[in-house]
Amino acid sequence: MRVHQAGDLDAAERLYGEVLELHAAQPDALHFLGVLAHQRGRSDEAVLLISSALKIIPRHPDAHNNLGNVHKECGRLADAERCYRRALACAPEHYQAQSNLAVVLEAQERLDEAFEAYSKLIQQAPTYAHGYYRLGLFLRNYAQNEEHLQQSAECFRQSYEHDPANVRALEGVGVALYMLHRHDEAADVYRQWLEREPDNPVPRHMLASCGATEAPPRAADDYVRDVFDGFAESFDEQLIQNLGYRAPEVLVGMLDEVTPVDGASLDVLDAGCGTGLCAPLLRARAQRLVGVDLSGGMVDKARLRGGYDALEVAELTAWLEAHPQAFDLIVSADTLVYFGQLGPVLAAAAGALRPGGWLGFTLEAVEGDDEVAELTSSGRYRHSRPYVEHLLAGSGFEAVTVRGDTLRREAGKPVHGWVVRARRSHSPDGA
């Protein structure tokens, strides 16, 4: 277990195996080998191993909780809920199981039950910073009035007080204040934060996002890296929180209309691969599937998920420029929302595609006939259709299609986006 906790999965798997050779029904070895198997992407094996342990130790709350985590991360929410309820039946004060139960209830959109579960979590663990953070997100995501947003801001403040290392809670305070139209207070939160941590890229970017400083042409590398490395640390909960997130499915479905779905005939790039949500949707058409992302933490999660032939940690535009005419298809789900000026990255994508190759990506949308690219209070950019169409045409693309769709939910409301498809021209001048 010490080797496992230190992150040496090879040695831990070997040692658990040695324990089970000596004692085939050793429940802790079965349990933690199951956790390890899931970490390595062998989730079906994990279910069998942890279930075997529970036959021997049926009232072990941690084993029930970890089995629930496997089901949760595989999207089997009803199974996960049953496991968390069993954990709580064995140990009613098991606050991790209570937190996980709240998450899966929220993911199933059983919002009244989820709110009750989050509230009970705070009662059980009044100093649990992540509990306040989760409740703050819940109140913000489903806010029906200003009071909910005020409560959200207070939860984020409580989270930060109990865990000053959780800077995302401080960001949550600022975003909630901005949504309450208390823009000056939001800017003050970010300024005070920046004074305390002048080298932290997050308050610097968020100060621009609320209009207090000039917006950069795209989010800085250190901001993106910090934000998404932070997401990776709580990947299971982020995945469940974003089950309403539709960008990979909608985007790949649009590309199905113009690229072969089967046959493994294409060289495919998942540009901004994150934790690898697109990999299962792309694998059948790819003779080679490559993922690239700026966040090493996210790439580590994608590696565990599997499905890629290669994964690299790199800044996207420079990486594309270094791989001319390497791909038949480039897919980028919710990555270009961190680019304000799209010209350089679209030109780089055109260069990385072979003639006739396809590019598909999603953006957050701003309506209107003007060419607009603007930074929003979320820290992401949104773009107008004329802006996107103009830049694609100027970057050597043709057969451009831009469709409106809902890509996710935020603050209880759908986020409108563009789903974009374009083909690299066969001629070098784009004609």
Side-chain angles (χ1 to χ4, degrees), residues 140-143 175 178-179 181 183 205-206 208-211 214-219 223-224 227-228 231 241-258 270-274 277-278 281 316-317 330-350 358-395 397-423:
R140 190 178 77 192
N141 288 342
Y142 299 98
V175 172
Y178 193 92
M179 293 172 66
H181 306 291
H183 298 176
H205 182 80
M206 295 308 293
S209 77
C210 66
E214 185 177 353
R218 71 176 182 86
Y223 168 77
V224 174
V227 166
F228 284 95
F231 279 153
Q241 179 187 338
N242 290 326
L243 279 182
Y245 171 64
R246 303 174 60 239
E249 291 79 7
V250 172
L251 176 56
V252 175
M254 187 181 190
L255 292 166
D256 286 347
E257 300 169 9
V258 295
D270 187 354
C273 61
L277 290 175
C278 285
L281 305 174
L316 181 57
T317 304
I330 297 176
V331 176
S332 188
D334 266 17
T335 295
L336 301 191
V337 294
Y338 292 96
F339 291 73
Q341 297 178 10
L342 294 177
V345 70
L346 292 180
W358 286 94
L359 170 67
F361 58 93
T362 60
L363 296 168
E364 293 189 12
V366 57
E367 298 289 350
D369 297 328
D370 296 329
E371 294 188 14
V372 175
E374 62 185 21
L375 182 62
T376 71
S377 61
S378 68
R380 301 184 299 269
Y381 295 83
R382 59 180 186 172
H383 304 81
S384 68
R385 183 194 297 263
Y387 177 85
V388 177
E389 292 174 337
H390 173 76
L391 283 179
L392 283 168
S395 299
F397 287 96
E398 60 187 14
V400 174
T401 302
V402 181
R403 294 178 187 164
D405 210 323
T406 298
L407 303 179
R408 73 164 72 81
R409 182 186 59 240
E410 191 168 70
K413 298 177 182 178
V415 174
H416 182 55
W418 302 126
V419 187
V420 185
R421 179 182 74 205
R423 182 176 62 214

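Smallest separation of non-hydrogen atoms from Leu407 and Val419: CD2-CG2, 4.0 Å. The two residues Ala365 and Arg382 have their closest heavy-atom pair at O-CD, 3.7 Å. In terms of heavy atoms, Ala271 sits closest to Ile330 at CB-CG2, 4.0 Å.
Listed for the His205 side chain is a donor-acceptor partner under 3.5 Å among the backbone atoms of Gly379. For the pair His416 (side chain) and Val366 (backbone), a donor-acceptor distance under 3.5 Å is absent. At distances below 3.5 Å, not a single donor-acceptor pair connects side-chain atoms of Ser384 with backbone N or O atoms of Gly368. A donor-acceptor contact shorter than 3.5 Å is absent between the side chain of Arg380 and the backbone of Glu364. No donor-acceptor pair under 3.5 Å is formed between the side chain of Arg421 and the backbone N or O of Trp358. In this structure, the side chain of Ser377 does not engage the main chain of Val175 through any donor-acceptor pair within 3.5 Å.
Between Arg423 atom CZ and Leu359 atom CG the span is 13.0 Å, to the nearest 0.5 Å. Note that CZ of Phe339 and OG1 of Thr317 are 4.0 Å apart. Values are rounded to the nearest 0.5 Å. Here the CZ-CG distance, from Arg218 to Leu336, works out to 11.0 Å after rounding to the nearest 0.5 Å. Rounded to the nearest 0.5 Å, atoms CD (Glu371) and NE2 (His383) are 11.5 Å apart. The distance from atom NE2 of His390 to atom OG of Ser395, rounded to the nearest 0.5 Å, is 9.0 Å.
Contact of the Val331 side chain with the Leu281 side chain is not registered, since no non-hydrogen atoms from C-beta on lie closer than 4.5 Å. Looking at heavy atoms from C-beta onward, Tyr381 lies out of side-chain contact with Gln341 at the 4.5 angstrom threshold. At least one side-chain heavy atom of Val420 sits under 4.5 Å from a side-chain heavy atom of Leu392. Side chains of Phe361 and Val345 form no contact here, defined as non-hydrogen atoms less than 4.5 Å apart. By the 4.5 Å heavy-atom criterion applied to side chains, Thr362 and Val250 are not counted as neighbours. Using a 4.5 Å heavy-atom cutoff, the side chains of Thr401 and Met254 are in contact. Contact check for Asp334 versus Arg408: side-chain heavy atoms found under the 4.5 Å cut-off.
Around CD of Glu257, the count of heavy atoms belonging to other residues, nucleotides or ligands within 6.0 Å exceeds 12.
Less than 6.0 angstrom separates the ring centroid of Phe228 from the ring centroid of Tyr338.
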